[in-house]
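Let me begin by presenting the structure, written as C-alpha cells, before commenting on it.
Bear in mind the structure is a predicted one, so any value in this text is a computation, not a measurement. In what follows, chains are A, B, ... by sequence order, proteins preceding strands, each numbered from 1.
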Protein chains: 2
Amino acid sequence: MEMKKNTAKVQIKQIADKLGVSSGTVSIVLNGRGDQMRISKMTQKRIQDMAKEMNYQPNIYARRLRKSAEEEAPYIIAIFWREEYLDDLLARFLKGLYHAIKNNDLNIELVLQPYDFGNLEKHHRFINSNHFNGAIVGGISNEDQQYLEQNEFDIPIVLIGRSTKKYNSVLIDYYDAGTNCANLFSMRNHKIVGLIGLSTKGKSVQLIELAFKETCKEKNILIDTNCISYCEERNFTSGYESAMKVLTNEKKPTAIFVMDGRNAFGVLKACKTVGLTVPKDIEILVFGENEYFSYSEPTITTIQQPMEQFAERSLNMILMSIKNKADNPMIQELSPIFNFRESCGGFIL
Amino acid sequence: MEMKKNTAKVQIKQIADKLGVSSGTVSIVLNGRGDQMRISKMTQKRIQDMAKEMNYQPNIYARRLRKSAEEEAPYIIAIFWREEYLDDLLARFLKGLYHAIKNNDLNIELVLQPYDFGNLEKHHRFINSNHFNGAIVGGISNEDQQYLEQNEFDIPIVLIGRSTKKYNSVLIDYYDAGTNCANLFSMRNHKIVGLIGLSTKGKSVQLIELAFKETCKEKNILIDTNCISYCEERNFTSGYESAMKVLTNEKKPTAIFVMDGRNAFGVLKACKTVGLTVPKDIEILVFGENEYFSYSEPTITTIQQPMEQFAERSLNMILMSIKNKADNPMIQELSPIFNFRESCGGFIL
DNA sequence: CTGAAAGCGCTTACAG
DNA sequence: CTGAAAGCGCTTACAG
C-alpha cells in the first residue's frame with residue numbers, strides 16, 4: 001500500500017472516491033443539508049455510514065478558513081503556564097483575561113498550554129505564527145528564560161513576572177519588593193529573622209530573596225544559615241517541615257518571611273507546634289495571596305502580585321504588539337500590594 | 001469606495017498588489033526567508049514597511065491548513081466554564097486534563113471559553129464543528145441546560161456535573177450525595193439542622209438540597225424554614241451573613257450543611273461570633289473541597305466531587321465520542337469523596 | 001532576483 | 001438528484 005502524503009486522517013475526498021460521488025455531495029450530507037439539497041436517502045445513508053466507518057473528522061482549520069470571508073478570524077493567543085501554577089494563581093489570571101475580553105468586546109481565542117517547569121522548549125514548534133498570533137508565558141524557570149532569550153520568535157510574547165531585554169513583560173519590581181519586606185521587619189525591630197524559600201524557583205523569586213537578604217544585612221538583621229530553609233513543594237507539609245527546621249534553630253527568629261503562599265499554613269502550624277504564638281512571639285509575612293488568608297486565625301499578612309491587572313495589561317500589550325509590530329519590548333511595572341493582617345503588623349511611622 | 005467581501009483584515013495579496021509584486025514574494029519576505037531566497041534588500045524593506053503600515057496579520061487557520069499535510073491537526077476541544085467557577089475548581093480540572101493529555105501523549109488543543117451563568121447560549125455560534133471538534137461544558141444553569149436540550153449540536157458535548165438524556169455526562173449521584181449527608185447527620189443524632197445554600201444554583205446543587213431535605217424529613221430531623229438561608233455569593237461574607245441568620249433562630253441547629261465550599265469559612269466565623277464551638281456545639285459539613293480545609297482550625301469535613309477524575313473521564317468520553325460517533329450518550333457516574341475531619345465526625349457504626 | 005501555479009480541506013453557488 | 005469549479009489565505013516548489 002502506498003503512503004500518500006496526506007496524514008492518516010480521512011478527508012471528504014476519500015469518502016467521495018470510495019463511494020463514487022463528488023466531495024460536494026459528501027460535504028452537504030455530512031453537514032445535515034442532505035434533505036434540503038434533495039440528495040437521495042440512499043446516498044445519504046451510504047455517505048453517513050462510510051464517514052462513520054472511516055472515522056471521518058473534519059479539519060477545523062479548513063472550515064474556519066472557508067468561513068473567514070464571513071466571520072472575522074479571532075486572534076489566537078496561547079497561554080503557556082507552568083504546571084505547578086495551575087491553581088488559584090491561574091484562575092485569577094484567567095478571570096482577569098475573561099473580563100478584559102468581555103469588557104472590550106475583543107475577538108480572542110484563548111488556548112491553554114500548560115508546560116513543565118524548565119521544559120518550555122518542548123513546545124518550541126508551537127511558539128510561532130503558524131500556530132498563534134501571540135503568547136503569554138507565565139512561571140518560567142531560568143532555563144526556560146535562557147531558551148527564550150536564545151531563540152527568535154515571530155509572534156509577540158509577553159512574560160508574566162520576568163523582566164528581559166528581549167520580550168515584553170508585566171511584573172512588579174521584585175527586588176524592591178524583597179527590600180520592602182526586609183524594611184518592614186527592620187521597622188518592626190526584628191533582629192533575627194527566618195526565611196522559608198522555594199527550592200525550584202524562577203528569577204523573580206530569586207530576586208526577592210536576594211533583596212531580602214541584602215537588605216537584612218544592611219539593616220543589621222541576622223539571618224542565620226540555619227534560619228533559611230527551602231521547600232521542595234508548594235504545599236502545607238513542605239512548609240511545615242521547612243519551618244520546623246528554622247524554628248528549632250538555636251538563634252530563634254522573631255519573624256519569618258515565607259516566599260510562597262502555598263507553604264504559609266504549614267509554617268503557621270509549625271509555629272504552633274513549637275509553642276510560638278503568631279504574631280506575639282513571631283511574626284509571619286507571606287509573598288503570595290489567597291482568599292483564605294483573610295479568614296484564618298491569625299489572618300495572614302501578605303505582599304501580592306496583582307494578577308487580575310497582570311492579565312489585563314498583558315492582553316493589552318499583546319494586542320498593541322500585534323498591531324504595531326512594536327520593536328522595542330514594552331515593560332509594565334505594577335505595584336505589589338501589601339495586605340496587612342494579624343500575622344505581621346504594618347510599617348511603623 | 002467599494003466594500004469587498006473579504007473582511008477588514010489585510011491579506012498578503014493586498015500588500016502584493018499595492019507594491020506590484022507577487023504574493024509569493026511577500027510571503028517569503030514576511031516569513032524571514034527573504035535573504036535565503038535572495039529577494040533584493042530594497043524589495044524586502046518595502047514589503048516589511050507596507051505590512052507594518054497596513055497592519056498585516058496572518059490568518060492562522062490558513063497557515064495551519066497549509067501545514068496540515070505535514071503536521072497532524074490536533075483535536076480542538078473547547079472548555080465552556082461558568083465564570084464564577086474560574087477558581088481552584090477549574091484549576092483542578094485543568095490539571096487533570098493536562099495530565100491526561102500528557103500521559104496519553106494526545107494531540108489536543110484546549111480552548112478556554114468562560115461564560116456567564118445562564119448565558120451559555122450567547123456562545124451559540126461557536127458550539128459546532130466549524131469551530132471545535134468537541135466541547136466540555138461545566139457549571140450550567142437550568143436555563144443553560146434547557147438551551148442545550150432544545151438545540152442540536154454537531155459535535156460531541158460532555159456535561160460536567162449534569163445528567164441529561166441527550167448528552168454525555170460525567171458526574172456523581174447528587175441525590176445520593178444529599179441523602180448521605182442527611183444520613184450522616186441522622187446517625188450523629190442531630191435533631192435540628194441548618195442549611196446554607198446558594199441562591200443561584202444549577203440542577204446538581206438543587207438535587208443535593210432536595211435529597212438532603214427529604215431525607216431529613218424521613219429521619220425526623222427538623223429543618224426549620226428559618227434554619228435555611230441562601231448565599232447570594234460564593235464567598236466568606238455571604239457565608240457569614242447567611243449563617244448568622246440561621247444561628248440566631250429560636251430553634252438552634254446542632255449541625256449545618258454548607259452547600260458551597262467558598263462559603264464555609266464564613267459559616268465557621270459566624271459560629272464563633274455567636275459563641276458556638278465547632279464541632280462541640282455545632283457540627284459543620286461542607287459540599288466542596290479546598291486544600292485549606294485540611295489545615296484550618298477546626299479542619300473541615302467535606303464531601304467533594306473528584307475533579308481530576310472528572311477531567312480525565314470527560315476527555316476520554318469526548319475522544320470516544322469523536323471517534324465512534326456513538327449515538328447514545330455516555331454517562332460516567334463517579335463516587336463523591338467524604339473527607340472526615342474535625343468539623344463533623346464520621347458515620348457511627 | 002521574482003512570478004505563476006498548485007494545493008492544504010473544506011463549502012457553496014451554479015449548472016445540469 | 002448530483003458534479004465540477006471556484007475560492008477561503010497561505011506557502012512552496014518550480015520556472016525563468
Side-chain angles (χ1 to χ4, degrees), chain A residues 4-17 19-47 51 54 56-73 76 128-131 133 154, chain B residues 4-17 19-47 51 54 56-73 76 128-131 133 154:
Chain A
K4 287 294 293 297
K5 67 173 168 177
N6 36 31
T7 60
K9 280 208 172 176
V10 179
Q11 296 96 342
I12 279 189
K13 180 113 188 17
Q14 297 181 22
I15 298 177
D17 286 351
L19 257 32
V21 298
S22 78
S23 38
T25 306
V26 175
S27 173
I28 285 163
V29 171
L30 260 25
N31 284 307
R33 303 201 309 137
D35 286 341
Q36 184 189 332
M37 287 289 157
R38 291 185 303 179
I39 310 290
S40 69
K41 286 287 178 201
M42 164 76 178
T43 306
Q44 292 199 41
K45 175 102 176 58
R46 286 171 62 221
I47 291 175
M54 299 179 75
Y56 170 72
Q57 273 310 303
N59 184 313
I60 299 291
Y61 304 132
R63 287 193 168 172
R64 290 200 185 183
L65 175 58
R66 183 76 230 299
K67 296 283 180 203
S68 61
E70 327 168 1
E71 204 171 271
E72 196 174 355
I76 305 183
N128 58 55
S129 61
N130 288 332
H131 294 87
N133 294 104
D154 63 348
Chain B
K4 286 293 292 296
K5 68 173 166 175
N6 34 31
T7 59
K9 280 209 171 175
V10 179
Q11 295 94 344
I12 279 188
K13 179 113 190 15
Q14 297 182 21
I15 299 176
D17 286 351
L19 257 32
V21 299
S22 78
S23 37
T25 306
V26 174
S27 173
I28 284 164
V29 171
L30 259 26
N31 284 307
R33 303 201 309 137
D35 287 342
Q36 183 190 333
M37 287 289 157
R38 290 185 304 178
I39 310 289
S40 69
K41 286 286 178 203
M42 164 75 177
T43 307
Q44 291 199 41
K45 175 103 174 59
R46 286 172 63 222
I47 291 175
M54 298 178 76
Y56 170 71
Q57 273 311 303
N59 183 315
I60 299 291
Y61 304 132
R63 287 194 168 172
R64 290 200 187 181
L65 175 58
R66 182 76 228 300
K67 297 281 179 203
S68 62
E70 329 167 1
E71 204 171 273
E72 195 174 357
I76 305 183
N128 58 55
S129 61
N130 288 332
H131 294 87
N133 294 103
D154 62 347

Spacing between [X] atom [atom1] and [N] atom [atom2], to the nearest angstrom:
X        : N      : atom1 : atom2 : result
A:Ile47  : C:dT11 : CD1   : P     : 12 Å
B:His131 : C:dC10 : NE2   : P     : 16 Å
A:Arg38  : C:dC14 : CZ    : P     : 17 Å
A:Ile12  : C:dG7  : CD1   : P     : 18 Å
A:Asn31  : C:dA13 : CG    : P     : 13 Å
B:Ile15  : D:dT11 : CD1   : P     : 11 Å
A:Asp17  : C:dG9  : CG    : P     : 13 Å
A:Ile60  : C:dC8  : CD1   : P     : 19 Å

Of the candidate nucleotides [options], which contains the atom at the shortest distance from the side chain of [X]?
X       : options               : answer
A:Ser22 : D:dG9, C:dC10, D:dA4  : D:dA4
B:Pro58 : D:dG9, C:dT12, D:dC10 : D:dC10
B:Val21 : D:dC10, C:dG9, C:dG3  : C:dG3
B:Met37 : C:dC8, D:dG3, C:dT2   : C:dT2
B:Tyr56 : C:dT12, D:dC10, C:dG3 : D:dC10
B:Arg66 : C:dG7, D:dT2, D:dG3   : C:dG7

Minimum heavy-atom separation for B:Val10 and B:Tyr56, please, with both atom names.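 Closest approach of B:Val10 to B:Tyr56: O-CD1, 3.3 Å.
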State, to 0.1 Å, how close A:Asn130 and B:Ile60 come at their nearest heavy-atom pair, and which atoms those are.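 Here A:Asn130 and B:Ile60 meet closest at O-CG2, 4.0 Å.
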Measuring to OP1 and OP2 of [N], would you say a side-chain N or O of [X] lies under 4.0 angstrom away?
X       : N      : result
A:Ser27 : C:dG9  : no
A:Lys67 : C:dT12 : yes
B:Ser23 : D:dG9  : no
B:Thr25 : C:dG3  : yes
A:Asn59 : C:dC8  : no
A:Tyr61 : C:dT11 : no
B:Thr43 : C:dC1  : no
B:Arg63 : D:dT11 : yes
A:Arg64 : D:dG9  : no

Between A:Gln44 and A:Asp35, is a side-chain contact (heavy atoms from CB on, under 4.5 Å) present by the stated rule, with each step listed? CA-CA 9 Å; A:Gln44 292 199 41; A:Asp35 286 341; 3.0 Å; yes
Determine whether B:Asn59 and B:Gln11 satisfy the following criterion, side-chain contact (heavy atoms from CB on, under 4.5 Å), listing intermediate values before the conclusion. CA-CA 8 Å; B:Asn59 183 315; B:Gln11 295 94 344; over 6 Å; no
Which part of the nucleic acid, if any, lies within contact of B:Gly20, taking any heavy atom under 4.0 Å across all strands shown: a base, the sugar-phosphate backbone alone, or nothing?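 Sugar-phosphate, backbone atoms only, no base.
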If you look at every strand shown and take non-hydrogen atoms under 4.0 Å, does A:Lys13 touch a base, only sugar-phosphate, or nothing?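 Result for A:Lys13 = nothing.
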Main-chain N/O of [Y] paired with [X] side-chain donor or acceptor, under 3.5 Å:
X        : Y        : value
A:Asp154 : A:Ser129 : yes
B:Arg64  : B:Ala73  : no
A:Arg63  : A:Pro58  : no

Between B:Ile28 and B:Ala62, name the one whose nearest nucleotide on DNA chain D is closer to the 5' end.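 Comparing both residues, the 5'-ward one is B:Ala62.
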By nearest heavy atom, map B:Arg33 and B:Leu65 onto DNA chain D; which one lands nearer the 5' end?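 The residue closer to the strand's 5' end, by nearest nucleotide, is B:Leu65.
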Please determine, for C:dG3, whether a Watson-Crick or G-U wobble partner exists with both distances under 3.5 Å, and give it or none.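 C:dG3 is paired with D:dC14.
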